[in-house]
Amino acid sequence: MNQGPIIFLGVYLAMALSWLGMVFVPEMQLGRMQETTVPPAGARYPAPRNGLAQEGRDVYRANGCYYCHTQQVRARGFGADFERGWGARHSVAPDYLYDRPVMLGNLRVGPDLANIGVRQPDAATHLLHLYNPQITAKGSTMPPYKFLFEKRKISGSPSPEALKLSGEFAPEPGFEVVPKPEALALVAYLQSLRADVPLFEAPLPLPGKKTGASSTNQPPAGATNANPAPAGQPQAK
Amino acid sequence: MMSVQAPATESVSRTQAAVPPMEINRSSCLPVTMLLASSVGWLVVASVLGLVSAIKLHAPGFPGFLSGASWLTYGRVYPAYSFVLIYGFAALAGLGLGLWILARLSRAAVFGPVATTIAGLFWNLGVLVGTLGILAGAGSGYEGLEVPGFASPILLAAYLAIALCATLTFHFRSEREMYVSQWYLLMALFWFPWIFSTAEMLLVYFPSRGVAQAVIAGWFTHNLYWIWLASFGLAAIFYFLPKLAGRPLHSRGLAMFGFWSLACFGGWGGVQGGTPVPSWLASVSGAAGIMMLVPLLAVATNWHLTMKGTDQKLGPNPILPFFKFGAFCFIVASLLQIISLLRAPSSVSAHHQDLSETIQSTFAVVFGLLGQIAEVARFTHYGNGVSSLFLFGFFVMVAVGGIYYVVPRLTQCEWPAPALMKFHFRCGAAGAAFLGASLIIGGIRQGAAMNNPNLAFLDTVRGTVPFLGMGTLGMLLLLVGNCALAINFARLLMNCRCSECCPSPITSPGGRA
């Protein structure tokens, strides 16, 4: 094997085959996916995110949220995603149709966020959690995102947007903490993360059927980061 | 292998006149020294960023007054660390060492030393722009391809120029006999522009629709590690290990087998089970992962038989341990990576009637068990542990060993503090082992806790903190070791009378040269 061209040709062939198999074919299969209609009303799914949520996706990307949070619920039997109440059904390809970039994530230092908009619809709680996670989830290792907020002197009447902070987290008297536009956009994005529409390939479990996932979309009060599994309830695994 | 003469039967027209070693040295001095020196600079930057991100993972308030700064948030420091380590250090060190090895084995002067040096400077510029972009929040959103869209054309153009010069160096070789390292280097030089431009086009400039992005990003990262970086590292091991042991490589045929099987199976991967994409992709990745055992076994056997029985005969050598440790870590990291690609079968049949079925079901049980490890390891620190072991245990070790070997020969100046080599090896080996082991073991424990729905999620996170602390210790050791190299390198360059031993190819060499 002393011929440079043979090496080049062989390597090129190997490269081209892997490109064909892992780039071209998936692109053909997935890259032309269209939105679908879902019963009963025949609504389009997925609906594109609204403008503010799209801006929020950029904040999510810029600050690397996807390095610690996944956005994918695995099928029943893979891990304990259902039992933890991270989604009513597993994630499927159409859920990500309009996302640029798609940030599935590979590591769960924090909980999965594929359905955070269902679990925690309250914007004020999200803002408190972003400002300082210790307020809403004591002991969390999530860093505070104070640069998404502005601490300013109260001039005139306090802003209605100001965070309701108390105790050790409150700013000095005469000051208030208000979210910057980035924080509001990020929260809009988090609220838009909800893959709870039943699809043909991923139906929702029937209510009443004992699956362990039926009551999991109810968030425990004030616990965005904590797992809602009650200790006494038998879990299906 | 260096002493093999060009066969006399070689056609005269293709054979260049043999280039004297001094000439090879002179042509490679400027580009290779520049590439290696800048790579060591980035290695220190990457270690600092890695240490900061490692600390922030278990102490989110770090570093005190700066913890509120946007550019120091974990989600920007970590990708910056990963980008600087791979594109700043690994690429430059791989290209520098590769160019040197290629010129030596080809017995040819480096083609276009000035052009290579300028292209290398542009690559450095691209890494700088990219790093600042990531810290400013312009990261692309894909792990392994963090570089912002505005920095990638600089990187690609610089890479193409360097790769072209390296290929032409190889083309004008006077030694027609090719050695294993040259195959791997050609693969590395050639593979990167394809995967990088594909990923940039289909992810950043004209993004695919939906989850096709995730598949392409996974494919790119897999190729980046297991073909591109692996090829650079393997080329160095195949060159330096037999050389330092004073023995020929055990088997050229086995090396060829290993090379082609890596080329065939190494590029198929990157999709793990449970991802919301068609499941055949995960199956293909898993099957290719199992097939990766073939090249792994081939190179491991070859290295083992080459080195067998040399321990007693060799005197103390400060550089050989780098390659031995790197080779060992490559095997371990590859095996751990293969395990993480397996899929747990839904059910394993327990009844077996004849021998072939017994063997089949034994395989099924073994792979089923390993597949369960993969399921536990998914979404935990396990993956980062394996890539840390690959990067710091294998690649950095091998590249640093190569730098320790090459630079004194290149500049004709000795290391000012040779004792630091041993110190660096100890720090690097302990650091890589600490970092990799703590993340892998901590990751498996994290996964076991995460898959138990009766444990609160926050407890699964708190449970990893002691392991992440150990990982930080490993990162600190790595930083100390890499600083030792940087100090040694800086002192060597300052003390070296470069005008005498390494005349610049721009100005004509003085009368003494």
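Labels below follow one simple rule: chain letters A, B, ... track the order of the sequence lines, proteins then strands, and each chain is numbered from 1. The figures here come from the full heavy-atom set of this structure, side chains too, leaving out hydrogens, waters and symmetry mates.
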Engineer: Between R209(B) and Y98(A) (side chain of the first, backbone of the second, donor and acceptor by atom type, cut-off under 3.5 Å), is there such a pair?
Structural biologist: no
Engineer: Looking at G64(A), A62(A), A93(A), which makes the most heavy-atom pairs under 4.5 Å with chain B?
Structural biologist: A62(A)
Engineer: Side chain, backbone, both or neither: which part of L107(A) has a non-hydrogen atom closer than 4.5 Å to chain B?
Structural biologist: both
Engineer: Is it the case that the side chain of R108(A) and the backbone of T380(B) share a donor-acceptor pair, with hydrogens and angles ignored and the cut-off at 3.5 Å?
Structural biologist: no
Engineer: Against chain B, label D99(A) side chain, backbone, both or neither, depending on which of its atoms sit under 4.5 Å from a heavy atom there.
Structural biologist: backbone
Engineer: Say you draw a straight line from CZ of R100(A) to OG of S208(B); how long is it, rounded to the nearest 0.5 Å?
Structural biologist: 9.0 Å
Engineer: Does any backbone or side-chain atom of D459(B) lie under 4.5 Å from a heavy atom of chain A? Answer side chain, backbone, both or neither.
Structural biologist: neither
Engineer: Hey, mind stepping through F457(B) and W86(A) against ring pair (Phe, Tyr, Trp, His ring centres under 6.0 Å) and telling me if it holds?
Structural biologist: CA-CA 11 Å; F457(B) 184 80; W86(A) 283 339; 5.4 Å; yes
Engineer: At a 4.5 Å cut-off on heavy atoms, which part of T70(A) comes close to chain B: side chain, backbone, both, or neither?
Structural biologist: side chain
Engineer: Does the side chain of Q29(A) come within less than 4.5 Å of P278(B)'s, by heavy atoms?
Structural biologist: yes
Engineer: Need one label for V284(B): side chain, backbone, both or neither, based on atoms under 4.5 Å from any heavy atom in chain A.
Structural biologist: side chain
Engineer: Answer with side chain, backbone, both or neither: which region of L468(B) has an atom nearer than 4.5 Å to a non-hydrogen atom of chain A?
Structural biologist: neither
Engineer: What distance separates I195(B) CD1 from S18(A) OG, expressed to the nearest 0.5 Å?
Structural biologist: 8.5 Å
Engineer: More than 12 foreign heavy atoms under 6.0 Å from CZ of F175(A): is that the case here?
Structural biologist: yes
Engineer: S70(B) versus chain A, heavy atoms under 4.5 Å apart: side chain, backbone, both or neither?
Structural biologist: both
Engineer: At their closest point, which heavy atom of P101(A) faces which heavy atom of S140(B), and how far apart are they?
Structural biologist: CG-O, 3.7 Å
Engineer: Spell out, as yes or no, whether a donor-acceptor pair under 3.5 Å connects the side chain of R462(B) to the backbone of G139(A).
Structural biologist: yes
Engineer: Let me know if Q213(B) has heavy atoms under 4.5 Å from chain A in its side chain, its backbone, both or neither.
Structural biologist: side chain
Engineer: Can you check whether F379(B) reaches Q72(A) side chain to side chain, under 4.5 Å on heavy atoms?
Structural biologist: yes
Engineer: Mind checking whether T141(A) and H58(B) have side chains closer than 4.5 Å, heavy atoms only?
Structural biologist: no
Engineer: Which answer fits Y142(B), side chain, backbone, both or neither, if we ask what part of it has an atom under 4.5 Å from a heavy atom of chain A?
Structural biologist: both
Engineer: Non-hydrogen atoms of chain B under 4.5 Å away: do they reach the side chain of A75(A), the backbone, both or neither?
Structural biologist: neither
Engineer: Between P26(A) and L281(B), what is the shortest heavy-atom contact and its length?
Structural biologist: CG-CD2, 3.7 Å
Engineer: Count the heavy-atom pairs under 4.5 Å between each of V23(A), V25(A), N63(A) and chain B, then report the option with the highest count.
Structural biologist: N63(A)
Engineer: Apply side-chain contact (heavy atoms from CB on, under 4.5 Å) to the pair R378(B) and N106(A), showing each step before the final yes or no.
Structural biologist: CA-CA 8 Å; R378(B) 187 85 176 105; N106(A) 264 320; 3.1 Å; yes
Engineer: Please assess M15(A) against I227(B) for the test side-chain contact (heavy atoms from CB on, under 4.5 Å), listing each intermediate value before the final yes or no.
Structural biologist: CA-CA 10 Å; M15(A) 186 7 260; I227(B) 296 271; over 6 Å; no
Engineer: Where is the tightest heavy-atom contact between W268(B) and L17(A), given as atom of each residue plus distance?
Structural biologist: CZ2-O, 3.2 Å
Engineer: Can you check whether S140(A) reaches V461(B) side chain to side chain, under 4.5 Å on heavy atoms?
Structural biologist: no
Engineer: Under 4.5 Å heavy-atom distance to chain A, tell me which part of A263(B) shows up: side chain, backbone, both or neither.
Structural biologist: both
Engineer: Can you confirm whether more than 12 heavy atoms, excluding those of Y12(A), are under 6.0 Å from its OH atom?
Structural biologist: no
Engineer: Where on V465(B) is there a heavy atom nearer than 4.5 Å to chain A: the side chain, the backbone, both, or neither?
Structural biologist: side chain
Engineer: Which atom names give the shortest non-hydrogen contact between N451(B) and A80(A), and what distance separates them?
Structural biologist: O-CB, 3.5 Å
Engineer: Over all heavy atoms of both residues, which pair between W260(B) and I6(A) is shortest? Give the atoms and the distance, please.
Structural biologist: CH2-O, 4.1 Å
Engineer: Could you grab the distance from atom CH2 of W191(B) to atom CH2 of W19(A), nearest 0.5 Å is fine?
Structural biologist: 13.5 Å
Engineer: Measure distances from H381(B) to the heavy atoms of chain A and classify the residue's part below 4.5 Å as side chain, backbone, both or neither.
Structural biologist: both
Engineer: Contact part of E201(A) toward chain B, heavy-atom cut-off under 4.5 Å: side chain, backbone, both or neither?
Structural biologist: neither
Engineer: Between atom CD1 of I7(A) and atom CD of Q182(B), what is the distance when rounded to the nearest 0.5 Å?
Structural biologist: 9.0 Å
Engineer: With chain B as the partner, which of M103(A), K146(A), R32(A), M33(A) has the greatest number of non-hydrogen pairs under 4.5 Å?
Structural biologist: M33(A)
Engineer: Pick from Y60(A), F149(A), Y66(A), F8(A): which one has the most heavy-atom pairs with chain B under 4.5 Å?
Structural biologist: Y66(A)
Engineer: To check you understand the geometry: which heavy-atom pair defines the closest contact between G21(A) and W280(B), and what is its length?
Structural biologist: O-CH2, 3.6 Å
Engineer: Please rank Q272(B), R76(B), M187(B) by heavy-atom pairs under 4.5 Å with chain A and give me the top one.
Structural biologist: R76(B)
Engineer: If I measure from the heavy atoms of chain B, does V109(A) come under 4.5 Å with its side chain, its backbone, both, or neither?
Structural biologist: both
Engineer: Ignoring hydrogens and geometry, is there a side-chain-to-backbone donor-acceptor pair from R84(A) to M450(B) under 3.5 Å?
Structural biologist: yes
Engineer: Measuring from Y74(B):OH to Y67(A):OH, what's the distance to the nearest 0.5 Å?
Structural biologist: 9.0 Å
Engineer: Could you look at Y145(A) and say if it's the side chain, the backbone, both or neither that has a heavy atom under 4.5 Å from chain B?
Structural biologist: side chain
Engineer: Which value, rounded to the nearest 0.5 Å, describes the distance between R74(A) atom CZ and T275(B) atom OG1?
Structural biologist: 9.0 Å
